[in-house]
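Note that the structure is a prediction, hence the values are computed from the model and not measured. Position 1 is the first residue of the sequence; numbering continues from there.
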Amino acid sequence: MTVKIYIYIIFKSGITQLFFTSLSMSLSSLLPIQLWLKLQEERGLAMADLGPKPDGNGYRPDPPHLEVRRHSDRVARTSVSLSDGGDVRYSETEPMLPEGTLSGEEGDAEEKEEEESQRTPTRNMPKESPLAMALQIVVPFLLAGFGTVSAGMVLDIVQHWDAFKYITEIFILVPALLGLKGNLEMTLASRLSTAVNVGKMDSPIEKWNLIIGNLALKQVQATVVGFLAAVAAVVLGWIPEGKFQMSHAVLLCSASVATAFIASMLQGFIMVGVIVGSKKTGINPDNVATPIAASFGDLITLAILAWISQGLYNCLDSHPYVSSLVCAFFLSLTPVWMVISSKHPASRTLLYSGWEPVITAMVISSIGGLILDKTVSDPNLAGIVVYTPVINGIGGNLVAIQSSRISTHLHFHSAPGEVPEEAKGCYYPCRTFYGTGANHRSAQVLLLLVLPGHLIFLYTIHLMKSGHTTLTPIFMTVYLAAALLQVFLLLCIADWMVYSMWRSGKDPDSFSIPYLTALGDLLGTALLALSFQFLWYIGDQDSDVGD
């Protein structure tokens with residue numbers, strides 16, 4: 001009888017609870033999560049047998065340790081596991097949301113108990129002053145800008161290569177493939193930035209689950225989008241001219257798929273390093289990840305496209321089968337990446353539902369590529385090539401930052417389907433830039449960066465003696481007006497689009513950035529073409545600078 005009393009006192013004092021809690025934490029860091037959950041379940045059943053006996057009505061009071069088990073089970077339900085099964089009710093927004101979004105009576109009861117007891121601390125939104133936000137944005141913004149300037153100068157050089165002169169449809173591929181940084185890299189950066197800010201990458205297991213699943217998903221999307229971009233380039237090039245050559249079509253498919261695959265893999269590794277490094281240094285990844293994704297993206301993608309296209313073109317007569325083998329090789333790897341991405345619930349959901357934005361964005365970017373193709377073929381507008389990656393890249397970088405910030409704010413403060421009061425009702429442009437919220441300040445900062453940023457990049461191009469246009473005052477005025485209008489429209493569209501997607505239950509991190517960067521490519525190319533056409537009409541023209 002005395003031994004039983006001692007055992008009951010030790011149990012009630014919480015020593016057993018502390019022991020099993022420490023044990024579960026140790027096992028969670030050493031064993032795979034499936035084994036850990038199994039041990040949690042067995043431990044819970046064993047502890048339940050030691051608890052108080054049921055009364056005459058069959059009711060068994062909850063022992064003290066059950067709250068710890070309930071909390072661990074709740075964390076396990078909201079985290080990303082390594083199991084193949086996954087919850088069939090999994091949605092795009094669920095893995096990024098803070099804890100406390102369970103549905104049903106059990107979830108409501110647990111939330112009520114936690115609010116009353118205040119045992120679980122609340123994770124607060126990172127505080128930022130306008131100056132700190134601007135300083136964090138400026139450095140990666142300038143880095144990304146110089147990357148787009150380098151891409152523009154590379155494009156200005158390679159436009160004279162044989163592959164680009166005789167297969168002009170490659171120019172249609174340029175915005176679509178450069179847009180992959182918005183469709184894939186920036187989307188990955190936005191998703192992982194939100195995961196960092198809401199605490200979903202605090203656990204090493206959860207962190208590598210998200211990273212591996214998203215990288216595999218990105219390779220699948222890059223291969224498919226690269227192939228579809230080549231098909232779109234062939235169709236858009238064939239319709240106006242009525243000419244079709246099978247060898248050129250195969251070369252376009254091979255170059256597009258290989259470029260998309262290699263560039264996506266390299267940039268994916270860079271993005272993971274940036275996100276993890278930002279988390280360790282205490283920098284908000286929403287401010288730096290998407291611009292850095294673009295800083296290397298344009299240059300890497302364009303250099304790979306030019307090198308592969310010229311190499312395949314050189315083999316076109318002597319070894320015509322090389323293009324087919326290259327295309328078949330990269331397409332054959334797609335099932336492998338699909339299997340890997342399907343192992344993780346977060347990426348498995350997007351593997352089935354995430355195709356709409358990337359394919360639509362590819363089509364929009366291809367239309368911009370068609371405009372570029374027709375503009376480059378006009379000798380009166382030869383100077384547009386070097387500026388196209390700059391205006392498109394800067395606009396996409398800035399709007400991606402704003403989209404990522406709004407999405408993170410919604411994940412913190414709103415449930416899916418619900419938007420803040422200030423976002424309800426009809427949209428009007430003043431809502432984007434005027435107000436006291438952090439998103440209003442960021443929109444103002446991003447818009448103010450347009451003019452000084454582009455002036456720096458224009459002067460850099462001038463110093464490098466690149467391009468075919470002299471920097472006259474009228475040219476700079478027209479160019480800066482086009483760039484300012486582009487970013488203003490993109491920020492307004494982002495404000496409306498992100499809230500609309502959240503209201504419809506879609507995760508803006510996965511859906512908004514592809515549309516916005518593709519619209520940035522289309523608007524940038526169209527406005528730049530109109531600007532050069534206007535300059536030609538008023539007599540501000542030259543086409544020999546930098547030759």
Check: Can you tell me how far CG of L523 sits from CG of L528, rounded to the nearest 0.5 angstrom?
Finding: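 That separation rounds to 12.0 Å.
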Notebook entry, point to check: Just how far is it from atom CG of N392 to atom CG of L519, taken to the nearest 0.5 Å?
Noted result: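 Answer rounded to 0.5 Å: 11.5 Å.
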Heavy-atom distance under 4.5 Å between the side chains of [X] and [Y], does that happen here?
X: K343; Y: I340; result: no
X: L398; Y: Q402; result: no
X: I364; Y: D521; result: no
X: L155; Y: V386; result: no
X: I394; Y: V450; result: no

Notebook entry, point to check: Taking only residues two or more places apart in sequence or in another chain, which ones pass side-chain contact (heavy atoms from CB on, under 4.5 Å) with A263?
Noted result: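 A263 satisfies side-chain contact (heavy atoms from CB on, under 4.5 Å) with Q267, I300, T301, I304 only.
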Item checked: Test log, rule side chain to side chain contact (heavy atoms under 4.5 Å, CB included), inputs L410 and Y499 -> CA-CA 8 Å; L410 289 173; Y499 285 114; 3.6 Å; yes
Notebook entry, point to check: Where the side chain of Q219 meets the backbone of M265, is there a donor-acceptor pair that is under 3.5 Å apart?
Noted result: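 Answer holds: yes.
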Note to self: Run I406 and W502 through side chain to side chain contact (heavy atoms under 4.5 Å, CB included) and show every step you take.
What the structure shows: CA-CA 10 Å; I406 298 175; W502 185 265; over 6 Å; no
Check: V487 and V399: side chain to side chain contact (heavy atoms under 4.5 Å, CB included), yes or no, with the steps?
Finding: CA-CA 7 Å; V487 175; V399 75; over 6 Å; no
Next item on the list: Check whether the side chains of S403 and S512 place a donor and an acceptor atom closer than 3.5 Å, and report yes or no.
Entry: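 A donor-acceptor contact under 3.5 Å links the two side chains.
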Notebook entry, point to check: Would you say the ring centroid of H440 lies under 6.0 angstrom from that of F433?
Noted result: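 Between F433 and H440, which both carry aromatic rings, the centre distance is not below 6.0 Å.
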Note to self: Quick check on W355: does its CH2 atom have over 12 non-hydrogen neighbours (other residues, nucleotides or ligands) under 6.0 Å away?
What the structure shows: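 Yes, CH2 of W355 has more than 12 neighbouring heavy atoms, counting only those of other groups under 6.0 Å.
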Note to self: Atom CZ of residue position F227 - does it have more than 12 heavy atoms of other residues, nucleotides or ligands inside 6.0 Å?
What the structure shows: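 No - once you tally the heavy atoms of other residues, nucleotides and ligands closer than 6.0 Å, there are 12 at most.
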